[in-house]
2 protein chains.
Amino acid sequence: MKDWIWTRERKAAPARETLSRDQIVAAAMAILDTEGVSGLSMRKLGTKLGSGATSLYWYVDTKDDLVDLLIDEVWGEIDVPEPELAGWRAGALLFGHSLRSAVLRHPWLPEVMYTRPSIGPNAMSMGSRGLVLFGAAGFSEHEIDLAMGSVMSYVLGTVSAEVATREMVRKSGRSEENWVTDILEQAQAVAGDYPEMQKSVRRRTSMDLDSGLTENFVFGLDALLDGLQARVKK
Amino acid sequence: MKDWIWTRERKAAPARETLSRDQIVAAAMAILDTEGVSGLSMRKLGTKLGSGATSLYWYVDTKDDLVDLLIDEVWGEIDVPEPELAGWRAGALLFGHSLRSAVLRHPWLPEVMYTRPSIGPNAMSMGSRGLVLFGAAGFSEHEIDLAMGSVMSYVLGTVSAEVATREMVRKSGRSEENWVTDILEQAQAVAGDYPEMQKSVRRRTSMDLDSGLTENFVFGLDALLDGLQARVKK
DNA sequence: CTAGTCACTCGCACACTGTACGACGATCTC
DNA sequence: GAGATCGTCGTACAGTGTGCGAGTGACTAG
């Protein structure tokens, strides 16, 4: 069995002034958040911490392991309300928004999230609290899994696409109020043969980026929750 | 404005026997489908085509451009029914399943899809036909965009997670009937502190992988479509 | 105090990546 | 024939993750 990083304990005594896994994770997170996945290299991370690149390998077996830690760090930021506070429906809404904003704070996540299982402690804690929340809705045991899974998939899928949009607008350097970027111009050009698409692109770009994306997110989440609610104790 | 690969036409006359963009795309697709993103390098692709690695750069500006082409190739496989055939609801269901199975055929897609806009001709064509389909439901113009977007996000988000699951089961080399893998064992270990999660993992792994994932997918898609239907002409 | 052992750091090296550049050949147009 | 254009490719460069082994400091045992 693979020696997963979650259960491999830290190597005992501190001794002299030294690096630490927490320190490494924090520095790597800062790099990822500002420069993205392609900006994170072991050498750069090393110099940022004032150490050699290969020193990091004392705390982390591979770069992938480090990324696993970073992903779980994000899951630790998610807020899952207890159902007693406002009921499952409002709780699920809050959960969705919390998940969304965490990903928006860490826009590198979609790029790496889908290539590995999320089985760190924070992921487990989040999942556990999520199950309690959806359990309060009155689903059968089996449906609890399905309902929570579909909400998470919807949220992550939507926000992943959202991140891609935001990133491309950001890179284009145009204003966010009128975000007709190079990409959209290109899309318009290619969409020339498809009038429905042409119109849709125009509709989207005519509105404020932020509120448009938020509305988009809420619309689908509400619809999904409606559909789930109708399935309770059928 | 960036010189997007979609509108840059092929370089005119064939002359002697030569490589072609189609050939390159096909070979790259084969590599991606069998070996994944990390298996695709320009050198390997070159030798597979019996040519030098840098020859490819005549047809494609960068590797990223090539990936853009490959992604759009996948969008070209998606089947979007016309609403006249079976109504929008059944059509949307079919669309969702078609999208899902295309991603399952090309499991490398989630890894690259969220880092770039999808604005190739096939993406536009798919989008256009999708808008027609959802337009037939009776939504307002604005809601058409929202409804189609939420369905696509749900499907892609769900299937992306699904791919991650399948991939990890595949790599573990265990049987698919009883897919308690190293990963799940690890998850169980970490989930020890979270009984709800513990039980959920056991529930999931106790059933057949394929039908479990399909049920999961259909459950959420149905719920989402229910919720959308309720929003028609409010 | 010395000797040994562990915790940790890090320079070097290896195999690999994408791709810029410029030389080269083959084919087409005059 | 002479040029121009299309297409190929060897070489080279800067960068990647990381295995290895030597080195350093701090602790513990005698």
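Within every chain, numbering begins at 1; the chains are lettered A, B, ... in the order of the sequence lines, protein sequences first and strands thereafter. Not measured: the values here are computed from a predicted model. All values below come from the heavy atoms of this structure, side chains included, with hydrogens, waters and symmetry mates left out.
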Show the atom names and distances, to 0.1 Å, of all donor-acceptor pairs under 3.5 Å that link a side chain in residues 107-114 of chain B to residues at least two apart or in another chain.
| unit_1 | atom_1 | unit_2 | atom_2 | d |
| --- | --- | --- | --- | --- |
| B/W108 | NE1 | B/D33 | OD1 | 2.6 |
| B/Y114 | OH | B/S160 | OG | 3.4 |

Show which side-chain atoms of residues 40-47 of chain A pair as donor or acceptor with protein atoms under 3.5 Å away, not counting sequence neighbours.
| unit_1 | atom_1 | unit_2 | atom_2 | d |
| --- | --- | --- | --- | --- |
| A/S41 | OG | A/K44 | N | 3.1 |
| A/K44 | NZ | A/E35 | OE1 | 2.8 |
| A/K44 | NZ | A/G39 | O | 3.1 |
| A/T47 | OG1 | A/R43 | O | 3.3 |
| A/T47 | OG1 | A/K44 | O | 2.9 |

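The CG atom of B/D68 sits 16 Å away from the C1' atom of C/dG18 (whole-angstrom rounding). Look at CD1 on B/I24: it is 14 Å from C1' on D/dC9, rounded to the nearest Å. Taking atom OH of B/Y57 as the reference point, atom C1' of C/dT17 lies 9 Å away to the nearest angstrom. Between B/D64 atom CG and C/dT19 atom P the separation is 7 Å, expressed in whole Å. The nearest whole Å value for the distance from the CG atom in B/L49 to the P atom in D/dC9 is 11 Å. Separating the CD atom of A/Q23 from the C1' atom of C/dC8 is a distance of 13 Å, rounded to the nearest angstrom. Atoms CG (B/L45) and C1' (C/dT17) sit 14 Å apart, rounded to a whole Å. Between B/D65 atom CG and C/dG18 atom P the separation is 14 Å, expressed in whole Å.
We find that A/E162 and A/R100 are joined by a salt bridge, their nearest charged nitrogen and carboxylate oxygen being less than 4.0 Å apart.
Within the structure, a side-chain polar atom (N or O) of A/Y59 is placed less than 4.0 Å from OP1 or OP2 of C/dT9. For C/dT9, neither phosphate oxygen OP1 nor OP2 lies less than 4.0 angstrom from any side-chain nitrogen or oxygen of A/W58.
Using modelled atom types, no side-chain atom of A/D72 and backbone atom of A/S118 make a donor-acceptor pair closer than 3.5 Å. Between the side chain of B/S153 and the backbone N or O of B/G149 there is at least one donor-acceptor pair closer than 3.5 Å. No donor-acceptor distance shorter than 3.5 angstrom exists from the side chain of A/S150 to the backbone of B/G220, with no hydrogens or angles considered. Checking side-chain atoms of A/T34 against main-chain N and O of A/A30 turns up a donor-acceptor pair under 3.5 Å.
In the helix from C/dC1-D/dG30 to C/dC30-D/dG1, the rotation axis of the first five pairs and that of the last five pairs differ in direction by 10°, rounded to 10 degrees.
The two atoms that bring B/T18 and B/Q23 nearest to each other are O-NE2, 3.7 Å, heavy atoms only.
The side chain to side chain donor-acceptor pair (under 3.5 Å) search around A/D145 returns B/S200, B/R203, not counting sequence neighbours.
A side-chain donor from one of B/H106 and B/E77 sits under 3.5 Å from a side-chain acceptor of the other.
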For nucleotides 10-12 of chain C, give me every protein contact, N/O to N/O, under 3.5 Å, one pair per line with atom names.
| unit_1 | atom_1 | unit_2 | atom_2 | d |
| --- | --- | --- | --- | --- |
| C/dC10 | OP2 | A/G52 | N | 2.9 |
| C/dC10 | OP2 | A/S55 | OG | 3.0 |
| C/dG11 | O6 | A/T54 | OG1 | 2.8 |

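Side-chain contact between A/Y154 and A/L221 is present, with at least one heavy-atom pair separated by less than 4.5 Å.
Residues of residues 30-41 of chain B having a heavy atom closer than 4.0 Å to DNA chain C, listed by number: B/L40, B/S41.
Listed nucleotides: C/dT9, C/dT17, D/dT18. Nearest to the side chain of A/T18: C/dT9.
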